[in-house]
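Per chain, numbering begins at 1; letters A, B, ... match sequence-line order.
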Protein chains: 2
Amino acid sequence: MAGVAGRVERRSGISLWRQIADQIRQAIGSGEFDEKLPPEMTLAERFGVNRHTVRGAISALVQEGVLRAEQGRGTFIERKQRLAYPIGARTRFSEGLQGQAKDRRGILLAHAIEPADQRTIVALGLTEGDKVVRLETLSEADGRPISRATSFFPGERFPGIEKLYAQSGSVTTALKSFDVVDYFRRSTLISARHASDADLADLRLSPGAIVIATVYTNVDPDERPIQFSETRFAADLVELSVS
Amino acid sequence: MAGVAGRVERRSGISLWRQIADQIRQAIGSGEFDEKLPPEMTLAERFGVNRHTVRGAISALVQEGVLRAEQGRGTFIERKQRLAYPIGARTRFSEGLQGQAKDRRGILLAHAIEPADQRTIVALGLTEGDKVVRLETLSEADGRPISRATSFFPGERFPGIEKLYAQSGSVTTALKSFDVVDYFRRSTLISARHASDADLADLRLSPGAIVIATVYTNVDPDERPIQFSETRFAADLVELSVS
DNA sequence: TATGATTGTCTATATCAATAGACAAATATG
DNA sequence: CATATTTGTCTATTGATATAGACAATCATA
């Protein structure tokens, strides 16, 4: 926004309140406001819409936990900044957010042993019919869900890895039980899209929210693939850092 | 989609036709359909909406150049895949998409000489009051805009860089005239958000589209910062590849 | 304690999005 | 050529978004 009145587009398929919510969220992220939002009437004039439309946007952001409204006082900013999540050859989830969040944990949502699909066969260097362990996991920082991952491990080499993950909440720790003391990230593909229904629910986002998806393969020191995975980050909360 | 009926959410602030358009676009990107979309009636049943709602989604994608509808025959896929854009220590825009696109060019949209803002001062190691050259550029592959960048160069060291860029369409080439024969990317921050109005227009996207933003600093072999930049990629067209 | 500023709630109306059905126009196929 | 399939266009109706105005409730402050 920054003086420049945030513009909104009509009959674009995105309701005005949602466009305004997105712009306010972004403005907060780039440090536009100190601790308090301007009054609803001021925002309404700035966007050229009715006060009630702005209220719609604000109530969505209150739902999201970004804002807190207090009658008579104003609307206050609850959460300002995004977390920076590092990506590189030695990316480990559990070490990623050190210093930025006090409490970090991984939660096992579901697991299955199943035949690998074509993409996983290629990524993990398996052969048709080989089984993989699939883990559906959620990662939280300070009690707030940050990311949602689907991971595949070669079933023959890592039987029962789901139990080890469930106990420790960490892939790195679980792999140690299989004598994998070190591993590397071979490559990462990054894309962005609207969150799926399931991800919306798990990450506690509102419809229309964006996720950053990373697809990657981890290999052991002998270059043998050990994990093929897609992680979806809530784009409002996280940015990736490549160095 | 893939058998799983693509689900849509009502009264979410995103119209159904837009949600469906996003899902179809994504399905195409992941190779769901060969060359032709299923008939409108089939899609309508799959999404649980009226045929006219599907038609709204299709007409948006026709507008975008993703689909082409032919009366009596069906709806055909015009453009299928996303481009993979590599990111790393030696990222150069002009070399990024080699082999994936025949024709690549950078276009100078605007330029200015102005005092550096706080963020740029820090990134480029300047002091308060120093001037920078700002370049607003657009990058096209095979005639289709794929990214939009805002770049800052130290004004004292690179006077007139805008002319050199305008001529060559390449930062790497422009820098050579200043005896910068090699440079490195210090770090990259990646985030995703809804495209701004201006980016929507420049990248020829429809409202609600997502951009992947990369913020980075390039340094010369002596570790002196030479460029601070934000590039916005159309998330429908591009994915980033970190290796 | 009176006043102004601000958020919260209600009612009414207008505009846009989505559904429903019917039929025309173009194409593919037996 | 006759028929089925598929996209294109029209009308009517319902439901969700957005606007408008009025006033209540809460808080800060002079």
Side-chain angles (χ1 to χ4, degrees), chain A residues 5-24 28 33-78 206-208, chain B residues 5-24 28 33-78 206-208:
Chain A
R7 277 198 314 224
V8 287
E9 209 152 337
R10 282 152 201 275
R11 67 194 92 77
S12 68
I14 317 259
S15 61
L16 297 183
W17 64 262
R18 175 150 290 284
Q19 292 183 51
I20 291 168
D22 287 338
Q23 291 196 32
I24 291 176
I28 291 170
F33 314 110
D34 295 337
E35 40 126 33
K36 209 172 143 180
L37 231 56
E40 292 169 351
M41 259 327 252
T42 311
L43 288 171
E45 278 164 24
R46 226 191 265 185
F47 285 105
V49 301
N50 192 277
R51 177 178 158 235
H52 296 290
T53 309
V54 170
R55 283 180 61 74
I58 288 174
S59 85
L61 293 172
V62 167
Q63 203 68 22
E64 260 181 62
V66 173
L67 297 176
R68 169 177 41 87
E70 290 184 26
Q71 188 165 357
R73 299 193 63 211
T75 306
F76 297 85
I77 292 160
E78 280 282 281
S206 46
Chain B
R7 276 198 315 225
V8 288
E9 210 151 338
R10 282 149 201 274
R11 71 195 92 84
S12 68
I14 317 257
S15 61
L16 297 183
W17 63 263
R18 175 148 290 285
Q19 292 183 50
I20 291 168
D22 287 339
Q23 291 197 33
I24 292 177
I28 291 171
F33 314 110
D34 294 337
E35 39 124 36
K36 208 170 145 183
L37 232 55
E40 294 169 349
M41 260 324 256
T42 310
L43 287 171
E45 277 163 27
R46 224 191 266 189
F47 284 105
V49 301
N50 191 277
R51 176 178 157 234
H52 295 290
T53 309
V54 169
R55 283 180 60 75
I58 288 175
S59 85
L61 292 172
V62 167
Q63 203 68 21
E64 262 181 59
V66 173
L67 297 176
R68 169 178 41 87
E70 291 183 26
Q71 186 166 356
R73 300 193 61 212
T75 307
F76 297 86
I77 293 160
E78 281 282 281
S206 44

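- Going from atom CZ of A:Phe76 over to atom P of D:dC27 covers 11 Å, rounded to whole Å.
- Between B:Arg73 and B:Leu16, the residue anchored nearer the 5' end of DNA chain C, judged by the nucleotide with its closest heavy atom, is B:Leu16.
- A:Arg55 places its CZ atom 14 Å from the C1' atom of D:dA22, with the value rounded to the nearest Å.
- Across the protein-nucleic acid pair, A:Glu40 atom CD and C:dA5 atom C1' stand 12 Å apart, rounded to whole Å.
- Rounded to whole angstrom, the span from the CD atom of B:Gln71 across to the P atom of D:dA4 amounts to 19 Å.
- You'll find a donor-acceptor pair under 3.5 Å spanning the side chain of B:Arg51 and the base of D:dG8, going by distance alone.
- Formation of a donor-acceptor pair under 3.5 Å by the A:Glu70 side chain with backbone atoms of A:Phe76 is not found in this model.
- Listed nucleotides: D:dA25, C:dT27, C:dA18. Nearest to the side chain of B:Arg10: C:dA18.
- Two residues, B:Trp17 and A:Ile58, neighbour DNA chain C, and the one matched to the more 5' nucleotide by heavy-atom proximity is A:Ile58.
- With rounding to whole Å, B:Leu61 atom CG is found 14 Å from D:dT7 atom P.
- The main-chain N or O of B:Arg55 is never found under 3.5 Å from a side-chain atom of B:Glu40 such that the two would form a donor-acceptor pair.
- Within the model, atoms CG of B:Leu61 and CH2 of B:Trp17 stand 9.5 Å from one another, a figure rounded to the nearest 0.5 Å.
- Annotation for B:Arg68 and B:Glu78: closest pair NE-OE2, 2.6 Å, computed over non-hydrogen atoms.
- Rounded to an integer number of Å, the gap from B:Met41 CE to C:dC23 P is 16 Å.
- As rounded to whole Å, 17 Å separates atom C1' of D:dG8 from atom CZ of B:Arg68.
- Taking only side-chain nitrogens and oxygens, A:Ser15 never comes nearer than 4.0 Å to OP1 or OP2 of D:dA16.
- Between the CD atom of A:Glu45 and the C1' atom of D:dA18 there is a distance of 17 Å, rounded to whole Å.
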Handout entry: Residues A:Arg46, A:Ile20; criterion side chain to side chain contact (heavy atoms under 4.5 Å, CB included); working and verdict
Key = CA-CA 11 Å; A:Arg46 226 191 265 185; A:Ile20 291 168; over 6 Å; no
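- Nearest to the side-chain atoms of A:Asn50 among the listed nucleotides D:dG8, C:dT19, D:dA20 stands D:dA20.
- Mapping B:His52 and B:Leu37 onto DNA chain D by nearest heavy atom places B:Leu37 closer to the 5' end of the strand.
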